[in-house]
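Scroll down for the structure; my scribbles are underneath it.
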Amino acid sequence: MIGAATAWTASSVSTASLLWAKTRSNNAFWWAFGGGMGARLVLLGALAVYSVRTPELSQPGLLLSYALGVLAFLLLEYRHIELK
């Protein structure tokens, strides 16, 4: 649950920044895209450290739910945000 909620939060922030940047310029859009991917990477690392420090959590389950959540939300972003 924690992994999926973290993926949803990262995707929501990334989508909002992409929609904002899309109205500015193509270059701003790609910077926002890179920032969103970087944020996802940082959150993956943070979840990995959190799962190591919290032994009652299942590390594979936590990271797998995050990874699958990120993939699902990336597909949703792709469907709703198009460059024209």
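Values in this document were obtained by computation on a predicted structure and should not be read as measured data. Here, residue 1 is the first one in the sequence, and each next residue gets the next number.
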Could you list the donor-acceptor pairs under 3.5 angstrom formed between side-chain atoms of residues 43-50 and any protein atom two or more places apart in sequence or on another chain?
none

With a 3.5 Å distance limit and no angle check, can you tell me whether [X] reaches the backbone of [Y] through a side-chain donor-acceptor pair?
| X | Y | value |
| --- | --- | --- |
| T54 | L57 | no |
| T23 | W20 | yes |
| Y66 | I2 | no |

Minimum heavy-atom separation for [X] and [Y], please, with both atom names.
| X | Y | answer |
| --- | --- | --- |
| G69 | A7 | C-CB, 3.7 Å |
| G3 | S65 | CA-OG, 3.4 Å |
| A21 | A32 | CB-CB, 3.7 Å |

Qualifying residues under side chain to side chain contact (heavy atoms under 4.5 Å, CB included), relative to A39, sequence neighbours excluded:
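Listed in chain order: nothing, the list is empty.
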Can you label the angle between the F29 ring and the F33 ring as parallel, tilted or perpendicular, going by 30° and 60°?
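Rings of F29 and F33: parallel, as their planes differ by under 30°.
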Rounded to the nearest 0.5 Å, what separation is found between the CE atom of M37 and the CG atom of L74?
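Interatomic distance, M37 CE to L74 CG, rounded to 0.5 Å: 5.5 Å.
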Linking I/L/V/M/F/W/Y whenever any side-chain heavy atoms sit under 4.5 Å apart, do L19 and W30 land together?
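Linked, L19 and W30 end up in one cluster.
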